[in-house]
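Quick caveat, the model's predicted, so the values are computed rather than measured. Numbered from 1 within each chain, the chains take letters A, B, ... in sequence-line order.
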Number of protein chains: 2
Amino acid sequence: MPDHPHASPAGTLIAAHGGRLTRTRVAVLEVLLAAGQSLTHDEIGVALSRNGIKHDRVTLYRTLDWLVGAGVAHRMIGNDRARRFGVAVSGPHEHPHFHCDRCGKVVCLEGAQPAVAVSLPGGYRLDRTELLLHGVCASCDKGP
Amino acid sequence: MPDHPHASPAGTLIAAHGGRLTRTRVAVLEVLLAAGQSLTHDEIGVALSRNGIKHDRVTLYRTLDWLVGAGVAHRMIGNDRARRFGVAVSGPHEHPHFHCDRCGKVVCLEGAQPAVAVSLPGGYRLDRTELLLHGVCASCDKGP
DNA sequence: GTGTAATTGCAACATAGTAGCATTTGACGC
DNA sequence: GCGTCAAATGCTACTATGTTGCAATTACAC
Ligand SMILES: [Mn+2]
Ligand SMILES: [Mn+2]
Ligand SMILES: [Zn+2]
Ligand SMILES: [Zn+2]
């Protein structure tokens, strides 16, 4: 719908992955790019509305699925059973994450995943490792 | 309901944590002790039924919550959004876990959690770390 | 045995996500 | 620009997983 959607970094990213340039797709990716942390489906929906983007719940789910499938975004499940989405900056987010066990917030941490030396049972195939630090975030630690 | 529920390891464990010895509680813990892996609420329910233990869905949820609160069991969330429960053998399961991204199965791995040297943002409090290995389990790798 | 708080069972509710299908639209060739 | 058509959308239902409120039951201390 914008005159030149390709002009934005979001549009470029989407096009680079062979996806159609749709209003919701671009808007969602812009939200993810602007966010400093992983966001839930709901949080993204609220952000879209704030940006004046009318959208459907299901379309948003499908848009997020597409972004993940295309490798543009990554998805992780929080202790609150909600999936959170973020831009996949370099590969499938090979960095540790912090999960706030109070509010569910997830933040990406700097630094590489530690080298793992764990032996798997026979026949098991390893795809990737994930290091989670669980605790309480700054705002939850203060607040009630 | 059994004549001497204290006689079983399950009964002993529950009593040691100051909990009332109820039929479902003992039966659930026995299922967890017998399982070689973490089980979902549903899988535990099926196991109970197979053992002839009539039970209520909600009671099972509450029983599992109690076991986790008492530190007898631990709970983790899988990529399929289902919580899985296992006996907490030594502390809050300080060992790595393997998650099958195909069927959701979770298995506890031997070995200790690697020492982590990640710096958290200011004000964040770290409670525990969790190392997840993602991949495909042996049965999923064979089967369709 | 009795009293009482913990536990259960049931029905209703909540949240997060998925499926089917008719309608709309982005991209492509002209 | 214009027609074509698969990809994407917007609905409406539906599923899976877990929670709440409350009256009835039960384990256990006495
Ligand atoms: Mn990340
Ligand atoms: Mn474990
Ligand atoms: Zn928090
Ligand atoms: Zn599997």
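In the interface, the side chain of A:R20 is not paired with the base of D:dA8 through any donor and acceptor atom under 3.5 Å apart.
Between the side chain of A:H17 and the backbone N or O of A:A70, at least one donor-acceptor pair lies under 3.5 Å. Side-chain atoms of B:R25 come within 3.5 Å of backbone atoms of B:R20 as a donor-acceptor pair (strictly under, hydrogens ignored). In this structure, the side chain of A:H41 engages the main chain of A:R57 through a donor-acceptor pair within 3.5 Å. Put simply, the side chain of A:R102 never gets that close to the backbone of A:V136: no donor and acceptor are under 3.5 Å apart. Formation of a donor-acceptor pair under 3.5 Å by the B:T59 side chain with backbone atoms of B:H55 is not found in this model. Of the possible polar contacts, one joining the B:R23 side chain to the B:K54 backbone as a donor-acceptor pair under 3.5 Å is found. Judged purely by atom type and a 3.5 angstrom limit, B:H134 has no side-chain atom pairing as donor or acceptor with the backbone of B:L132.
For B:R81 and C:dA14, the CZ to P distance is 17 Å, given to the nearest whole Å. B:D65 places its CG atom 10 Å from the P atom of D:dG18, with the value rounded to the nearest Å. Atom pair B:H41:NE2 and D:dT19:P shows a separation of 10 Å (rounding to whole Å applied). In this entry the distance linking CG of B:L67 with C1' of C:dT7 reads 13 Å, nearest Å. Residue B:M76 contributes atom CE, which lies 14 Å from atom P of D:dG18 at whole-angstrom precision. Going from atom CD1 of B:I14 over to atom P of D:dC28 covers 10 Å, rounded to whole Å. Rounded to an integer number of Å, the gap from B:R84 CZ to D:dA16 C1' is 13 Å. Atom P of nucleotide C:dA16 and atom CG of A:L39 are separated by 14 Å, given to the nearest angstrom.
Remark: A:D56, A:V58, A:T59, A:R62, A:T63 in residues 46-64 of chain A come within less than 4.0 Å of DNA chain D through at least one heavy atom.
Between its opening and closing five pairs, the helix from C:dG1-D:dC30 to C:dC30-D:dG1 changes axis direction by 40°, a value rounded to 10 degrees.
Contact check on B:D101 versus A:R128 returns a salt bridge, with a Lys/Arg side-chain nitrogen under 4.0 Å from an Asp/Glu carboxylate oxygen. Taking 4.0 Å as the cut-off between side-chain N and carboxylate O, B:D80 and B:R84 count as a salt-bridged pair.
Considering only side-chain N and O atoms, A:R83 lies under 4.0 angstrom from the phosphate OP1 or OP2 of C:dT18. For A:T22, a side-chain nitrogen or oxygen approaches OP1 or OP2 of D:dT9 to under 4.0 Å.
Closest approach of A:H74 and A:S38 over heavy atoms only: NE2-OG, 4.1 Å.
Checking C:dG17, C:dT8, C:dG26 against the side-chain heavy atoms of A:L21 singles out C:dG26 as nearest.
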Review item, nucleotides 23-25 of chain D N/O atoms under 3.5 Å of protein N/O:
none

The test is side-chain hydrogen bond (donor to acceptor under 3.5 Å, both in side chains); show your working for A:H97 and A:H99 and say whether it passes. CA-CA 7 Å; A:H97 292 91; A:H99 282 223; over 6 Å; no
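Within the 4.5 Å cutoff, the side chain of B:C140 has no heavy atoms near those of the B:K105 side chain.
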